[in-house]
Asks: 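Before I ask anything, let me first share the structure, which is written out below as structure tokens.
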Amino acid sequence: MDNKLKQIGFKIMNHDEFRIYSKWSVKAYAEHLIKSGDERFRFKALRAAKSEFRDVFPEGADSADNYLYVVVNEKNEKIGVIGYQKSPFEENAAFVTENVIKEEYRGKGYGKSAFVKLQEDAREKGFSKMVLNVFKHTPISFSMYEKNGFKVIEDHGGSAIMEKCFNNENS
């Protein structure tokens, strides 16, 4: 993989894009809950995913304190979705709600570039740290977060909560 950052951009997700996004996001999250090995989700994963999605986006695309973007490449092609919300758990923390690059664009540096840009966006909005949940059955994602300076602060078996403080960064 090329270590140089790709030219990507963020576009605020519109209502039509959000409607499409919400359908596949809930389904994908339910699948991750099942793959995480937590038996509680074996039969209730879809219901749990829908409930959590409603908690994060109670007003859909207009939900307050949410920054949800469509990632576009240098050709202005829609290649993914990334976003965060003001953490409901802790002051001045941005909580990553989505980070997905379409399969055909993976392994080419777009994910890393989008994630670096997301951190810059959160810092510019005044957040002092970023927190995220990562499923351990996605080792490429876990590794990318570690390489970006995120540390595990909670281990939940099939998933982990990671964080990175921005206050000591020069970038």
Asks: Take a 6.0 Å sphere around CD of E103 and say whether it holds more than 12 heavy atoms from other residues, nucleotides or ligands.
Replies: no
Asks: Can you name the one residue among V72, V71, L5, N73 that meets side chain to side chain contact (heavy atoms under 4.5 Å, CB included) with Y110?
Replies: N73
Asks: Please step through side-chain contact (heavy atoms from CB on, under 4.5 Å) for the pair F142 and V152, ending with a clear verdict.
Replies: CA-CA 10 Å; F142 192 88; V152 173; 3.7 Å; yes
Asks: Do the side chains of L132 and I161 join up, straight or via other hydrophobic residues, at under 4.5 Å, putting them in one cluster?
Replies: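 No, it is not one cluster - the side chains of L132 and I161 are not joined through contacts under 4.5 Å.
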Asks: Rounded to the nearest 0.5 Å, what separation is found between the CG atom of N66 and the NZ atom of K86?
Replies: 11.5 Å
Asks: Has Q7 got more than 12 heavy atoms of other residues, nucleotides or ligands less than 6.0 Å from its CD?
Replies: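 Counting other residues, nucleotides and ligands, CD of Q7 stays at 12 neighbours or fewer.
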Asks: Locate the shortest heavy-atom distance separating A45 from I34; write the atom from each residue and the value.
Replies: CB-CG1, 3.5 Å
Asks: Would the F95 and Y84 ring centres measure less than 6.0 Å apart?
Replies: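 No, ring centres 6.0 Å or more apart.
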Asks: Measure from the side-chain N and O atoms of K102 to the backbone N and O of K78, and report whether any donor-acceptor pair falls under 3.5 Å.
Replies: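 Present.
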Asks: Quick one: OG on S51 to CG on L46, what's the gap to the nearest 0.5 Å?
Replies: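 Answer rounded to 0.5 Å: 11.0 Å.
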Asks: State whether the side chain of T97 and the backbone N or O of Q85 hold a donor-acceptor pair below 3.5 Å, judged by distance alone.
Replies: no
Asks: Out of curiosity, I101 CD1 to S113 OG, how far, rounded to the nearest 0.5 Å?
Replies: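 The CD1 atom of I101 sits 9.0 Å away from the OG atom of S113.
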Asks: Report yes if the side chains of Y21 and M13 come closer than 4.5 Å at any heavy-atom pair, otherwise no.
Replies: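 In contact.
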Asks: Is the ring centre of F115 less than 6.0 Å from the ring centre of F150?
Replies: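 That pair passes the under 6.0 Å test.
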Asks: Does a side-chain heavy-atom distance below 4.5 Å link F166 with S128?
Replies: no
Asks: Quick one: closest heavy-atom pair of F10 and A114, and the distance?
Replies: CZ-O, 3.4 Å
Asks: Between E52 and A49, is there a donor-acceptor pair closer than 3.5 Å when you use the side chain of the first and the backbone of the second?
Replies: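 Checked: no pair found.
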Asks: Determine which pairs satisfy side-chain hydrogen bond (donor to acceptor under 3.5 Å, both in side chains) with at least one residue from residues 137-146, sequence neighbours left out, and list them in order.
Replies: H32-H137, N99-Y145
Asks: Working to the nearest 0.5 Å, report the span between CZ of R123 and CD of Q119.
Replies: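 If we round to the nearest 0.5 Å, R123:CZ and Q119:CD are 6.0 Å apart.
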Asks: Could you check whether atom NZ of K27 has more than 12 heavy atoms from other residues, nucleotides or ligands sitting under 6.0 Å from it?
Replies: no
Asks: Is the closest side-chain heavy-atom distance between K112 and K6 below 4.5 Å?
Replies: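 No, side chains not in contact.
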Asks: Decide yes or no on side-chain contact (heavy atoms from CB on, under 4.5 Å) for K136 and D155, but give the supporting numbers first.
Replies: CA-CA 10 Å; K136 291 183 182 173; D155 189 322; 2.6 Å; yes
Asks: For K164 and N148, work out which heavy atoms get closest and say how close.
Replies: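 That would be NZ-O, 2.7 Å.
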Asks: Kindly say whether R19 contributes a backbone atom to a donor-acceptor pair with the side chain of S22 at under 3.5 angstrom?
Replies: yes
Asks: How about H15 and E17: does a side-chain donor come under 3.5 Å of a side-chain acceptor?
Replies: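 E17 and H15 do not have a side-chain donor-acceptor pair below 3.5 Å.
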Asks: Minimum heavy-atom separation for S63 to P58, with atom names?
Replies: OG-N, 3.2 Å
Asks: What is the minimum heavy-atom distance between E90 and V131, and which atoms define it?
Replies: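 Heavy atoms of E90 and V131 come nearest at OE1-CG2, 4.3 Å.
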Asks: Apply salt bridge (charged side-chain N to carboxylate O under 4.0 Å, His left out) to D121 and K117, showing your working.
Replies: CA-CA 6 Å; D121 186 78; K117 185 174 178 70; over 6 Å; no
Asks: Are F57 and F18 an aromatic pair, judged by ring center distance below 6.0 Å?
Replies: yes
Asks: For the OG atom of S87 and the CE atom of M130, what is their distance to the nearest 0.5 Å?
Replies: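 S87 atom OG to M130 atom CE measures 11.0 Å (nearest 0.5 Å).
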Asks: Supply the atom-to-atom distance I153 CD1 to K151 NZ, rounded to the nearest 0.5 angstrom.
Replies: 12.5 Å
Asks: Check whether any side-chain heavy atom of Y29 sits under 4.5 Å from a side-chain heavy atom of W24, and report yes or no.
Replies: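 In short, these two side chains do not touch, never coming nearer than 4.5 Å.
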Asks: Which atom names give the shortest non-hydrogen contact between S25 and F53, and what distance separates them?
Replies: OG-CE1, 3.8 Å
